[in-house]
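All chains are named by letter (A, B, ...) in the order of the sequence lines, taking the proteins before the strands, and each is independently numbered beginning at 1. Quick note: numbers below take in every heavy atom, side chains included, and nothing from hydrogens, waters or symmetry partners. Owing to the predicted nature of the structure, the values given are computational and were not obtained by experimental measurement.
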Amino acid sequence: MSQISLSGIHKSFGSTEVLKGVSLDIEAGEFVTLVGPSGCGKSTLLRILAGLDSADTGDVRIQAQSVTQTRAADRNLAMVFQSYALYPHLSVAENMMTPLKMRELGWAGRLPIVGPLVARRACRDIHARVEAVAETLKITPLLARKPGQLSGGQRQRVALGRAMVRDPVAFLMDEPLSNLDAALRVHMRAELSELHRRLNATFVYVTHDQAEALTMSDRMAVMMQGEILQVGPPDEIYHNPASLAVARFIGSPAINVLPGEKLADGRVVLLGQRLFNVQSGQPRALFIGLRPEHLHLAAEGRFEGMISHRENLGSDLFLHLTLKEMDNPVVIRAHPDQARNVARGHNVRFDLDPAKVLFFEADGQRVTLDGARQLEVAQ
Amino acid sequence: MSQISLSGIHKSFGSTEVLKGVSLDIEAGEFVTLVGPSGCGKSTLLRILAGLDSADTGDVRIQAQSVTQTRAADRNLAMVFQSYALYPHLSVAENMMTPLKMRELGWAGRLPIVGPLVARRACRDIHARVEAVAETLKITPLLARKPGQLSGGQRQRVALGRAMVRDPVAFLMDEPLSNLDAALRVHMRAELSELHRRLNATFVYVTHDQAEALTMSDRMAVMMQGEILQVGPPDEIYHNPASLAVARFIGSPAINVLPGEKLADGRVVLLGQRLFNVQSGQPRALFIGLRPEHLHLAAEGRFEGMISHRENLGSDLFLHLTLKEMDNPVVIRAHPDQARNVARGHNVRFDLDPAKVLFFEADGQRVTLDGARQLEVAQ
Amino acid sequence: EDKIVVEFGYPYSHLFDVTYEKILPKFYEQHPNIEIKMRATYESYEDGTNTILREAVAGTLPDVTMQGLNRQAILVEKGIAKSLEPFIAKEADFAKDGYHKAMLDLGTFGDDVYGLPFSISLPVGYYNMEVMAKAGYDETNLPTTWSEVVEACGKLREAGVDNPMFWGWNITGNWFLQALMWSQDKPTVEGNDFQLDTPEGLTALNTMKDIFSGCEMQNLEWKAALASFSAGDLGMMYWSTSAVGAVERAMGDFTLVTSEYPGLDEKGPMGLPAGGNSALMVSTSEDPAELEAAWAWLKFITSGEGAADVARTTGYMPPNQAANEIILKDFYADNPAKATAVRQLPLLREWQAYPGDNGLAATQVIYDGLEGIVTGEYSDMTELQEELTEEVQDLLK
Amino acid sequence: MTEAVADTKALALRFSTKTALTHAVLILGALIVLLPFYTMLSLSLKAPAEIMQQTGGFIGTQAPFRDDYCIKLGKEVADCMVNPIAYNYSTAFEKAPLLRYLLNGVVVTVSIFFIQVVVALPCAYALAKLRFWGREFVFTLVLFCLLIPVHAIALPLYIMLAKVGLTNTYAALIIPWTISVFGIFLMRQFFMTVPDDLIDAARMDGMSEYAIIWRVMLPTAIPALMAFGIFSVVAHWNDYFWPRIVITGNRDLFTPPLGLREFKGDADGDNFGPMMATACIIVTPLIVCFLLAQRRFIEGITLSGMK
Amino acid sequence: MIKSHAHIWFIGPALVLMTVILLIPILIAMGLSVTDYSLGNMGAEFVGFENYEKIFTRSAYEKMFGATFRYVFVVVPLTVGLGLGSALLIHSLGRFGDIYKTIYFLPVMAALIAMAIVWEFAFHPTIGVINSTLERGCGTWLELWTWYAKGCERSFPLWLQDRDYAIWTVSFIGVWQGFGFNMVLYLAGLTSIPRSLYDAAEMDGAKRGWDRFRLVTWPLLGPTTVFVVTISFIRSFQVFDMVEAFYPQGGGPSKSVFVMMFAIYEKGIQQNLMGIGAAITVVFLAFVMVLTLIQRWLVERRTHYA
Ligand SMILES: Nc1ncnc2c1ncn2[C@@H]1O[C@H](COP(=O)(O)OP(=O)(O)OP(=O)(O)O)[C@@H](O)[C@H]1O
Ligand SMILES: Nc1ncnc2c1ncn2[C@@H]1O[C@H](COP(=O)(O)OP(=O)(O)OP(=O)(O)O)[C@@H](O)[C@H]1O
Ligand SMILES: O=P(O)(O)OC[C@@H](O)CO
Ligand SMILES: [Mg+2]
Ligand SMILES: [Mg+2]
């Protein structure tokens, strides 16, 4: 039985349907990412799982128990918020103690001054646990500070710490990195992954940054407009997207989409060039998806374009090529060493790796063309 | 004569010195980026240039005129703020009109209702210009809306539009993309570059995101702790950093820094392996910088590490290797196709591209070792 | 043994605290088993009456209360005040204690006595002799009629006194209107009829108008008037004798003389309304011992030594002939300013209240009308007479 | 270059004249504002004659004068000569038992504020952060109640209190003010600005809604609470109307402003010196409180999200 | 939120108290307003709308509306204007600001009853500080002003007792007493305006202070202004203490300061005519409500809520 199971979740705010029947199963110990553009309903789904919102219809199960009627405080989930939501008036240590105090001390133990005296043992225990977590997160020197005196990354860690002191069924995180600066974000990605491995706990992670989703998750669920379009391991999603929407959203720079067609005789044609042959059949128009790294500059390449923009990241060089036949530029990844030879305005030739070509129907559905792989690639 | 020239700018807030004598020349039409970690003084410098703050000492010259005593409104610079700072009560069109109205209409023309009657011609002219800019930025349908009704990307464009309606000496931008989501940020990068080309205007751009700096700028200035460490074209900064600090800040994932040494006989040794020989001389300890993309997995590589973490971005695969000899992992860029063969916990061997090795002194200063390049690489 | 507690309420603590402080030890000496509990003082007579009305509704009435003479009627009408007849009947030599008829009349309603007057005031004239001297007046030739007052104003003004006189039209309960009416021996109300529509009424109004315009009198509020007089700005001031203490305390370095209230003609006023307050029994107690104790207190303060202390500590006269004539003889000799009112005692008349629920509203209507004369809002007195009569009569019906 | 230097000077000059002008205007305003306080303080230092004649400047001559009250009680004149300042202030404390009144004032204002907070905070929280049926209606009711003038309902209230026998008690002074619609309104506006995430975080941490109010909302709302506190305390500390109506029996329950009436003689002359001394004493604690609270107090009145 | 009834416990006490303390008395007042009840009487008779009729026909009540509206329409704009003005000036200062802030807030904190007495002294026609200051200007160029010359010749006005001046004098004191309250609210509003908007305005060429005010300050103070104006309206409609302190009898010279709250007090409490008092209360509430609604409607259309 899976650890967490959402089935048929519907949710509307007023007349707008924000979630349109979402189902998702999450196994114990898994790191699952919900990724999708802003406003697609990720946070709403997470909040329904947490018990902070309630679904209109649908069922939420945690460890095989239906919790649809259980309030957030009783679901034993921990959540890290995008804004961190630290209590501004409490010190870091007190922030981290709060969930324990609330759950483990009686009302007397929670009193401001007498509390520690009444529930001596429990308090000492709580202190010890907070210190242990602080040690893990390397925030021990900060324990006495108030959140206002911390930097973004430090706050992020405290928010994590507050979630970690308990032993929740799962950690829910709503864009926990989006308030950090670029360098720190990259760094924290690795830290979070490491944490997940060490705790061996279930993580449900919401983000709109596909890089985070790709690098951290065991499985990712791509959401758009209130629906989950595809669920799978990052590799699968990246290389084998189920639809054009998924393909477009995942990958940076975004996948190039070019108009192609399959002719009646089985030839698949892109911009007038035959890519390969497949079994003959109904002729049809196709969208052809090609990721920038699957295109390469080649002196005798079959396609030609004019360099309209260069992005040199040092480690990579992205060239935006304007093609005669197309409005949108095609983005190609080149080796930075080639930078010297390619300036804006130059015409260059390029070719593609036919094995990596993705086909989509006009409605965005991914299709595989029978026999495509077997055919010899035309030079 | 350069368009903008900052020389010897010092600035302290209270007892903390935020700018420690910064000098920078910017040519007409250039896109110059100030990049550096949070809190290093970028915004302060930009505000001093804009005239919103004043320097303690130092001179600001615009088009060869000292403007140190000129107030912001008279410097004819346009600025895009990180928070966009759109007037929340004015429509998009009115927001964009404001700088023109303030500069070109008398008090009568600025009156709410009678204004347009009094200064009929001027008003019509202003309207026309705003519409033209809106057209360029593709925000014509939004002109009647209030900022509150716009998405982040749309606001960003309006803020740009407000700067563009005039013909300023330079555009100043303070982290204009940092409030956008990941995908939009990548997209806007290209748009900004395109805009710069089209306007052919001077841009001074502040960011802490090295990717933005690398992809957009003609030249970038790396700032740290109130000082400019290095100024140069992105390529130069990336491949030829003047110091360890610059090398560490630019590049993602960050450069690997390993301890090495030069022996008295001229051998340069990294982790016990000879890299190559240089002219003999004083033995010395060195830091050796190696970017992830200059390391590669190789069955017979001279170095060995255990894979502690994998980041698969689909287009790239970053492996974090733990080496016996080192605390920090070494990050290596591998081809995603290799992903299947390398799992966490595996031991792998790797090697490096000796031509790309960077050397730094113990104090972080970059050094070139005489003769290093000429020497045959030991296999 | 428990003491019997009598709860007692009175107005103007600043004025009367000292009086009771003097009386209490003497009372306790005679009645060791009674304790007087002082309630929060009333801020003014109106406040006192309203407080009693509220307390009647709330059921928290004191045993004895001091009420302005013109406010007794309303409490009697509403059945809050108790008739004192049963207690008087038991007293052997009540008359001998000095309660003479004129005084008792002030608190008699129907055939029963309800209130025993405590402190009595009459209107008098206050003169700053230094200012008066500028116009050639001395103690012997002070004005005795209102036309002489107006004349004096003219002279004073010529002598450079900007602000020669103040006349207390604004004293609560239309006291000075009633003074002008009584001066002609005419009550202001008879039964349910407002008497302003009589020739006497018109005379009263015209007299006021003459005084105000003839003296170009400023519309001063009492505190401002007292300040002006104390500062030596005013030459003449017509007010209640109760203020003698306050004036003496506050006045500058000049000679103060009080003199009889002027009349409409040389004969002087034929009557004057009594001001001040009287003691009413409002106890809701059924216990005869308590009622007896309340009566004992009530009687003590309105007679003999108790009453005499009123004069000794305030500008008021005691209500009690005996006190005035026997006990206080020397006192008046030493305090001539306070003696004026005593000389006017024979003129004492009732300070009338307007009957019915709307009585206070009627008082206000008249007040507003009088103010209109001062502020110049009304210049035709006949018109004002008609207007006021109509409106007040409407309220009284 | 010289031009630039001249420019600098002009700029600096412009700046300083502008600030100087600002100060000039503000000082003029301050003088007008302070005039009555100057008078109040001055009157509290002078002898009765000096007060009524408006002589003696700010502190008067301080020549001893004769205390009538003392004379009337039959003491010797020599024993009754008093110094004005000593007389005014000692009378304020002795005659009016001002200390007792001040204590009452503290008891009453603190109780009122405490109960107002206990009642208003949960309500404001519910109106700002909970979604429930009838919320708009309740809020409209709050806005309507904001319009009700207390003076207009004083008598019905008095009768209601009398019916349950509460007149002449602390309760009578406190109960009518236990509900502060202004407080609900102000706190709601502030709570609207508290991020929802913070409340959700508290829920995840296992707090009940009740705990959220006292453990999260209250501490974050301290500045707003101070603002509300100042308004509430000022209003009830200085209230003259209501205590006068309900406290008719026991002088021991007087609040400080009622102390002022001890010196009222109305048509027969007020005793201004002690009265003004009392007034000075009454206002002092408030000024001290304001000075202590003002920083956070102004931050607290957040009106964004007003609607 | 999973089915929680917490809100019932949260708004319950407030709702109950609101009903018992505010709404029931108002309902009682409405009931009394159609009777002739007088305190101390056993019962009361139903008189229909007679009380209301009186309000709208008797001349005293005409004066009541006149005085109320004069007061409100002087005091509201001035307290709001001065509150804003002083807040702006103080806000621009940085240092020293705290001193002015405290001074200007003093009148809000002082007991009005004591201040009323002080003002009476200050406004005393001859020895008051106001007129004696004015007199000092006699014989100077100020006499060119005919009003001034007249004052010098005879005497300066009796500010509080002259029916032409009283309401304005009282309004002045109302402004004196109230603008500090608004100042504090505006200061709070000012601190919450993002600095970056001023920077943007400066970059856009708003050089003069007035331009920045028009472009940024005033619009962003919109919500504050709505609040301040609403509260000022309510407060000045409810003005009472001061009138009662100055004119316990009758509401000022020729009833020129006979404001509605005082009328309610005079009828209901001073004269025991609770029926009429209640009727005025009802009219008062209706007025304030209508005005508040109109005012909100007017302002709301021009205010943005960021
Ligand atoms: N309380 C609410 N009332 C009305 N609409 C809401 C509410 N909460 C969310 N929405 C709407 O529901 C949609 C989904 O919101 P949600 O916050 O789940 O998006 P998201 O995927 O988390 O976006 P982001 O990445 O920007 O956080 C949005 O269009 C939002 O406007
Ligand atoms: N008004 C001020 N008063 C005091 N210190 C300030 C002020 N403004 C900035 N600082 C300090 O000056 C330093 C530099 O600030 P600045 O805003 O220029 O940094 P930055 O490089 O723009 O950082 P970021 O990327 O976070 O915007 C910071 O340490 C900041 O705390
Ligand atoms: O105030 P009293 O006690 O003198 O009574 C009212 C009139 O006598 C005027 O003073
Ligand atoms: Mg979200
Ligand atoms: Mg910055």
Side-chain angles (χ1 to χ4, degrees), chain A residues 13-14 43 46-54 70-91 94-105 107 110-112 115 146-148 158-159 162-163 165-166 168-176 179, chain D residues 114 117-118 121-122 124-126 128-136 187 190-229 293 295-302 304-305 307:
Chain A
F13 287 114
S43 297
L46 198 71
R47 291 169 54 80
I48 287 173
L49 167 55
L52 296 169
D53 265 334
S54 58
T70 313
R71 33 177 297 184
D74 300 326
R75 291 196 185 183
N76 196 21
L77 298 167
M79 187 151 168
V80 178
F81 294 83
Q82 175 175 2
S83 59
Y84 312 141
L86 300 175
Y87 306 116
H89 56 290
L90 299 181
S91 71
E94 288 163 332
N95 260 288
M96 289 170 65
M97 267 177 226
T98 305
L100 295 177
K101 279 193 181 169
M102 286 296 145
R103 276 156 215 278
E104 302 181 5
L105 296 185
W107 66 268
R110 295 210 293 263
L111 289 178
K146 293 271 169 80
V158 176
R162 186 171 59 174
V165 285
R166 325 193 257 132
V169 175
F171 290 91
L172 314 184
M173 309 198 180
D174 194 353
E175 311 196 4
N179 278 346
Chain D
F114 179 77
V117 168
V118 170
L121 232 53
Y125 170 70
K129 290 291 178 192
L130 300 182
R131 267 172 280 146
F132 56 88
W133 185 86
R135 183 172 80 160
E136 286 310 305
M187 294 313 288
F190 186 83
F191 284 164
M192 300 273 274
T193 67
V194 174
D196 287 337
D197 272 2
L198 197 61
I199 295 160
D200 285 339
R203 290 190 182 126
M204 295 300 292
D205 282 350
M207 288 192 200
S208 66
E209 295 296 310
Y210 218 74
I212 290 176
I213 296 178
W214 305 118
R215 291 179 167 266
V216 180
M217 300 309 269
L218 180 72
T220 41
I222 290 288
L225 211 62
M226 271 177 158
F228 173 38
R295 227 336 116 50
R296 309 196 61 189
F297 158 56
I298 283 175
E299 287 166 7
I301 319 167
T302 315
S304 50
K307 208 160 198 168

Is there a side-chain contact between Pro219(D) and Leu90(A), using heavy atoms and a 4.5 Å cut-off?
->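 The answer is no; the side chains never approach within 4.5 Å.
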Contact summary for Gly206(D) and Arg103(A), nearest pair of heavy atoms =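 Shortest heavy-atom separation between Gly206(D) and Arg103(A) comes out as N-NH2, 3.2 Å.
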Closest heavy-atom contact between Met102(A) and Asp205(D)?
->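 Looking at all heavy atoms of both residues, the shortest contact is CB-O, 3.3 Å.
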Of all of Ala78(A), Pro168(A), Ala163(A), Ala73(A), which one pairs up most often with chain D through heavy atoms under 4.5 Å apart?
->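 Among Ala78(A), Pro168(A), Ala163(A), Ala73(A), the one with the most close pairs to chain D is Ala73(A).
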[X] [atom1] to [Y] [atom2] distance, which is reported to the nearest 0.5 Å:
{"X": "Asp200(D)", "Y": "Met79(A)", "atom1": "CG", "atom2": "CE", "result": "7.0 Å"}
{"X": "Lys101(A)", "Y": "Met207(D)", "atom1": "NZ", "atom2": "CE", "result": "9.5 Å"}
{"X": "Met204(D)", "Y": "Arg47(A)", "atom1": "CE", "atom2": "CZ", "result": "10.0 Å"}

Has the side chain of His89(A) got a donor or acceptor atom that lies under 3.5 Å from a matching backbone atom of Ala221(D)?
->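 Pair absent, no side-chain N/O of His89(A) close to backbone of Ala221(D).
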Residues which pass side chain to side chain contact (heavy atoms under 4.5 Å, CB included) with Asp74(A), listed by chain and number, not counting sequence neighbours =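 By the side chain to side chain contact (heavy atoms under 4.5 Å, CB included) rule, Asp74(A) matches Thr70(A), Arg71(A).
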Where on Leu100(A) is there a heavy atom nearer than 4.5 Å to chain D: the side chain, the backbone, both, or neither?
->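 Contact with chain D is absent: no heavy atom of Leu100(A) under 4.5 Å.
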Heavy-atom distances under 4.5 Å only: say whether Ala50(A) touches chain D with side chain, backbone, both or neither.
->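 Both backbone and side chain.
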Going by atom types only, do Asp197(D) and Ser83(A) share a side-chain donor-acceptor pair under 3.5 Å?
->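 Asp197(D) vs Ser83(A): donor-acceptor pair found between side chains.
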Is it the case that more than 12 heavy atoms not belonging to Phe114(D) sit under 6.0 Å from its CZ atom?
->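 No, because the 6.0 Å sphere around CZ of Phe114(D) holds 12 heavy atoms or fewer from other groups.
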